[in-house]
*Asks:* 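Have a look at the structure that comes next, please.
These numbers come from the heavy atoms of this one structure, side chains and all, not from hydrogens, waters or symmetry mates.
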Amino acid sequence: MTTSTVDRNQELAAFLRSRRERLDPGDFGLPARRQARRTPGLRREEVAELAGVSVDYIVRLEQARGLRPSAAVVEALARALRLAADERSYLFDLAQQRPRDADELVTVAAPPLVGLVDDLSPLPAMVLNHRYDILAWNAELTRLLGDFDALPPSQRNSMWLCLMHPRMRDFYLDRERMVREGIAHLRAAWAAHPDDRALAGLIAEFTAGNEDFARMWGEQDVKVNGRGTKMMRHPEAGVLAMRFETLRPLEDPDHLLVIYRAATAESKAALDRLTAP
């Protein structure tokens with residue numbers, strides 16, 4: 001990984017290898033080979049056969065020789081490797097075959113979304129960009145997660161806070177899952193915004209400064225969860241079970257609107273006390 005921009009060839013090669021090696025040949029009804037398999041997963045010639053391309057083409061892709069597969073080939077590879085929807089999108093981004101709008105990097109929340117975040121009170125809510133920079137938030141979110149106004153702008157990033165801020169290290173009961181889900185989002189964003197040097201710099205900082213991030217980044221996971229439950233250990237309210245929903249506005253597709261709701265009656269009562277005027 002470079003610290004400035006995405007090395008698409010290397011990342012495409014690593015992603016294809018990782019997805020090929022995780023597959024079970026028995027799931028494809030492939031005939032038994034007389035020669036024992038030395039590595040896990042499908043052989044390159046098996047992927048080539050399933051995708052309808054030459055073995056040499058697969059070899060060159062996995063050796064990062066600068067090929068740019070067509071959209072049809074990318075689709076065939078995605079089917080052959082049985083990629084999930086998030087993985088398929090990631091592969092299209094790496095191959096530069098997914099149509100996208102102009103890459104205008106968002107650093108300020110759209111005014112209508114700022115107003116919507118305020119109107120969502122008493123539900124804690126915030127607006128993020130693809131880097132997970134926190135662009136707007138309401139008072140309830142401040143009471144739930146912390147005073148973002150007190151942080152320098154460079155630290156107003158949800159992944160930075162989770163990984164690097166001392167107060168947040170024990171905030172999430174299932175911290176590894178939170179980090180893993182954040183990494184999946186950042187990896188997908190990294191492929192979709194290859195020229196975003198700020199994002200590449202964040203990833204380089206996290207990789208160098210956090211062993212958990214470095215280990216999980218190498219797992220090539222790109223499954224993004226847009227809803228779920230987070231267990232939080234709040235210093236005043238105690239343990240809170242909070243449901244979250246992540247929405248992407250049609251008019252502002254580089255924004256993410258995150259809304260929190262209490263998942264249990266006990267958590268709702270504690271949250272109401274915490275956010276009371």
Side-chain angles (χ1 to χ4, degrees), residues 106-186 189 202 206 210 212 224-277:
V106 173
T107 57
V108 178
L113 292 179
V114 175
L116 178 58
V117 164
D118 288 336
D119 291 343
L120 282 168
S121 296
L123 295 177
M126 62 181 170
V127 175
L128 310 174
N129 63 12
H130 68 270
R131 291 189 293 263
Y132 270 13
D133 294 332
I134 302 167
L135 306 181
W137 58 92
N138 57 18
E140 287 77 10
L141 190 84
T142 296
R143 291 168 191 156
L144 179 64
L145 297 183
D147 186 1
F148 300 128
D149 281 317
L151 297 172
S154 62
Q155 296 180 11
R156 284 183 210 145
N157 178 280
S158 62
M159 277 299 287
W160 191 95
L161 292 171
C162 183
L163 292 168
M164 311 298 246
H165 198 291
R167 187 182 70 81
M168 299 296 287
R169 174 157 290 277
D170 297 320
F171 185 77
Y172 295 106
L173 272 66
D174 190 357
R175 183 174 180 273
E176 177 157 334
R177 180 170 65 87
M178 297 298 99
V179 173
R180 192 178 297 278
E181 291 179 357
I183 287 174
H185 171 87
L186 288 184
L202 268 178
F206 296 155
N210 188 278
D212 292 336
V224 178
N225 289 327
R227 70 164 55 100
T229 301
K230 297 182 180 181
M231 300 298 297
M232 304 175 180
R233 187 183 291 107
H234 196 278
E236 298 176 31
V239 174
L240 297 172
M242 299 296 299
R243 290 196 182 98
F244 70 93
E245 190 79 29
T246 305
L247 308 175
R248 189 182 299 274
L250 288 175
E251 293 295 324
D252 301 288
D254 200 48
H255 289 73
L256 299 171
L257 175 63
V258 183
I259 306 168
Y260 287 98
R261 295 175 296 145
T264 66
E266 295 81 0
S267 293
K268 186 178 187 309
L271 183 65
D272 288 345
R273 290 192 297 271
L274 183 67
T275 58

*Asks:* What salt bridge (charged side-chain N to carboxylate O under 4.0 Å, His left out) pairs are there with at least one residue in residues 149-175, not counting sequence neighbours?
*Replies:*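 Output for this query lists Asp174-Arg177, Arg175-Asp212.
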*Asks:* How about Arg261 and Phe244: do any of their side-chain heavy atoms sit closer than 4.5 Å?
*Replies:*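 No; the side chains remain at least 4.5 Å from each other.
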*Asks:* With side-chain contact (heavy atoms from CB on, under 4.5 Å) as the test, would you mind laying out the steps for Asp133 and Thr107 before giving the verdict?
*Replies:* CA-CA 8 Å; Asp133 294 332; Thr107 57; 5.8 Å; no
*Asks:* Using 0.5 Å steps for rounding, measure from the CE atom of Met159 to the CD atom of Glu181.
*Replies:*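 Here the rounded value is 10.5 Å.
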*Asks:* Only counting residues at least two apart or in another chain, list the ones meeting side chain to side chain contact (heavy atoms under 4.5 Å, CB included) with Ser267.
*Replies:*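 Listed in chain order: Leu240, Ala241, Ala262, Thr264.
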*Asks:* So do Pro124 and Leu145 actually touch side chain to side chain, heavy atoms under 4.5 Å?
*Replies:*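 Result no, sub-4.5 Å side-chain heavy-atom pair not found.
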*Asks:* Give the intermediate values and the outcome of side-chain contact (heavy atoms from CB on, under 4.5 Å) for residues Leu151 and Ile134.
*Replies:* CA-CA 11 Å; Leu151 297 172; Ile134 302 167; over 6 Å; no
*Asks:* Measuring only between side-chain heavy atoms, which start at C-beta, is Val179 closer than 4.5 Å to Tyr172?
*Replies:*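 Answer no - side chains too far apart.
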*Asks:* Which of parallel (below 30°), tilted (30 to 60°) and perpendicular (above 60°) describes His185 and Tyr132?
*Replies:*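 Answer is parallel, since the angle falls under 30°.
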*Asks:* Can you list the steps and then say if Asp254 with Arg131 is a side-chain contact (heavy atoms from CB on, under 4.5 Å)?
*Replies:* CA-CA 9 Å; Asp254 200 48; Arg131 291 189 293 263; over 6 Å; no
*Asks:* Do the side chains of Ile183 and Phe206 get nearer than 4.5 Å, heavy atoms only?
*Replies:*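 Phe206 vs Ile183: side chains apart.
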*Asks:* Do any N or O atoms from the side chain of His130 and from the backbone of Pro253 form a donor-acceptor pair under 3.5 angstrom?
*Replies:*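 Not at all, since once roles are kept as given, no pair shorter than 3.5 Å links the two residues.
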*Asks:* Does a sphere of radius 6.0 Å around NZ in Lys230 hold more than 12 heavy atoms from other residues, nucleotides or ligands, not counting ones at 6.0 Å or beyond?
*Replies:*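 Result for NZ/Lys230: enclosed.
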*Asks:* Does Leu128 reach the side chain of Val258, with side-chain heavy atoms less than 4.5 Å apart?
*Replies:*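 Answer yes - side chains close enough.
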*Asks:* Within a strict 4.5 Å, meaning less than it, do heavy atoms of the Arg248 and Leu256 side chains meet?
*Replies:*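 Yes, side chains in contact.
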*Asks:* With a 4.5 Å heavy-atom cut-off, do Val127 and Asp252 have their side chains touching?
*Replies:*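 No, every pair of side-chain atoms sits at 4.5 Å or beyond.
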*Asks:* For a 4.5 angstrom cut-off between non-hydrogen side-chain atoms, does Val117 reach Glu140?
*Replies:*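 Result no, sub-4.5 Å side-chain heavy-atom pair not found.
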